[in-house]
Amino acid sequence: MMSQTLSHPDTITSLPHHLLTTLTLEVDFPATVVIGTTPHGHRGIARVAGGHFAGERLSGSVRPGHDWYVVRADGTLEIDVRLTLATDDGAAIYLSYQGNMRAAPEVMARFRKGERLAPEDYALQVVATMECGDARYGWLNDLLVVGIGEQMPGGVIYRLFEIGA
């Protein structure tokens, strides 16, 4: 077997990507179920009440879903979200994404109190997968999708990018 090495293994000068969709979620924060402190951290389940998504090839509405989250001992917020998307032309898509929100401890303390943060004060990133049985959207089943998020009043907005586009 022939061994290959990269000419610059520590540097990616260009990562092909394309904006897939912008996902806006409405979160019902008062309906959050607090599980409490467990061996994994402070756990809860936030209800996603709905929302919408819009992009060049992918647009529609978000059906209710949930975010199973845990705040680790180091203050990092880990998220695990599962949603059903309904496209404008009637297809159903399963969207699952995991990621985390990181910031300085004092910033995360403000976030836990419900304060809206400045976007430059934190990093919110996710890795997503999508599944769809509708042949028109079969191309979603094999995508590598990453995203960045931003807090907004009543929810969050994500820009989801297709990698390798």
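For reference, positions follow the sequence shown, starting with 1.
Applying the side-chain contact (heavy atoms from CB on, under 4.5 Å) rule to F29 yields the partners V27; only residues at least two apart in sequence or on another chain are considered. Taking the ring-ring contact (aromatic ring centres under 6.0 Å, His included) definition, one finds that H66 meets it with W68, sequence neighbours left out. Under the rule for a salt bridge (charged side-chain N to carboxylate O under 4.0 Å, His left out), R63 has no partner lying at least two apart in sequence or in another chain. By the side-chain contact (heavy atoms from CB on, under 4.5 Å) test, A54 is found to be paired with S59, residues two or more places apart in sequence or in another chain being considered. Here D88 pairs with nothing under the salt bridge (charged side-chain N to carboxylate O under 4.0 Å, His left out) rule; sequence neighbours left out. Scored by the ring-ring contact (aromatic ring centres under 6.0 Å, His included) test, Y158 finds Y97 as partners (sequence neighbours excluded). Shown here are the ring-ring contact (aromatic ring centres under 6.0 Å, His included) partners of Y69, two or more places apart in sequence or in another chain: there are none. Annotation: salt bridge (charged side-chain N to carboxylate O under 4.0 Å, His left out) contacts of D74 (sequence neighbours excluded): R72. A118 pairs by the side-chain contact (heavy atoms from CB on, under 4.5 Å) definition with E120, D121, not counting sequence neighbours.
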Distance-only donor-acceptor pairs under 3.5 Å for side chains of residues 144-156, two or more places apart:
unit_1: Q151; atom_1: OE1; unit_2: L117; atom_2: N; d: 2.7
unit_1: Q151; atom_1: NE2; unit_2: E115; atom_2: O; d: 3.2

Considering only distance and modelled atom types, tabulate donor-acceptor pairs under 3.5 Å from the side chains of residues 125-135, sequence neighbours left out.
unit_1: Q125; atom_1: NE2; unit_2: N100; atom_2: OD1; d: 2.6
unit_1: D134; atom_1: OD1; unit_2: R136; atom_2: N; d: 2.9
unit_1: D134; atom_1: OD1; unit_2: R136; atom_2: NE; d: 3.0
unit_1: D134; atom_1: OD2; unit_2: R136; atom_2: NE; d: 3.3
unit_1: D134; atom_1: OD2; unit_2: R136; atom_2: NH2; d: 2.7

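Hydrophobic clustering of Ile, Leu, Val, Met, Phe, Trp and Tyr side chains at less than 4.5 Å, counting indirect connections, unites L160 with L143. Hydrophobic clustering places V62 together with L124 (ILVMFWY residues linked when any side-chain heavy atoms are closer than 4.5 Å, directly or through intermediates). Following chains of ILVMFWY side-chain contacts shorter than 4.5 Å, one cannot reach V81 starting from Y94, and the two form parts of different hydrophobic clusters.
To the nearest 0.5 angstrom, E78 atom CD is 10.5 Å from Q98 atom CD. To the nearest 0.5 angstrom, I157 atom CD1 is 9.0 Å from L25 atom CG. Atom CZ in R102 sits 7.0 Å away from atom OG1 in T76 (nearest 0.5 Å). The CG atom of D67 lies 9.5 Å from the CD1 atom of I45; values are rounded to the nearest 0.5 Å. The OG1 atom of T84 sits 9.0 Å away from atom CG of L95, with the distance rounded to the nearest 0.5 Å. If you take OG on S61 and NE2 on H52, they are separated by 10.0 Å, rounding to the nearest 0.5 Å.
F111 is not listed as a side-chain neighbour of R116, based on a closest heavy-atom distance of 4.5 Å or more. The shortest side-chain heavy-atom distance between H42 and V34 falls under the 4.5 Å cut-off.
A donor-acceptor distance shorter than 3.5 angstrom exists from the side chain of H17 to the backbone of L15, with no hydrogens or angles considered. Within the 3.5 Å criterion, the main-chain N or O of L58 finds a donor-acceptor partner in the side chain of T21. Looking at T37, its side chain never comes within 3.5 Å of a backbone N or O of G41 through a donor-acceptor pair.
There is a side-chain donor-acceptor pair under 3.5 Å between Y137 and D89.
Counting all heavy atoms, side chain and backbone alike, W139 lies closest to R57 at CZ3-NH2, 3.4 Å. Minimum interatomic distance between L23 and F53 (heavy atoms only, all atoms of both residues): CD1-CB, 3.9 Å.
Pairs of residues two or more places apart, or lying in two chains, never qualify as side-chain hydrogen bond (donor to acceptor under 3.5 Å, both in side chains) while including a residue from residues 23-32.
For R159, the CZ atom sits in a loose shell: 12 or fewer heavy atoms of surrounding residues, nucleotides or ligands are nearer than 6.0 Å.
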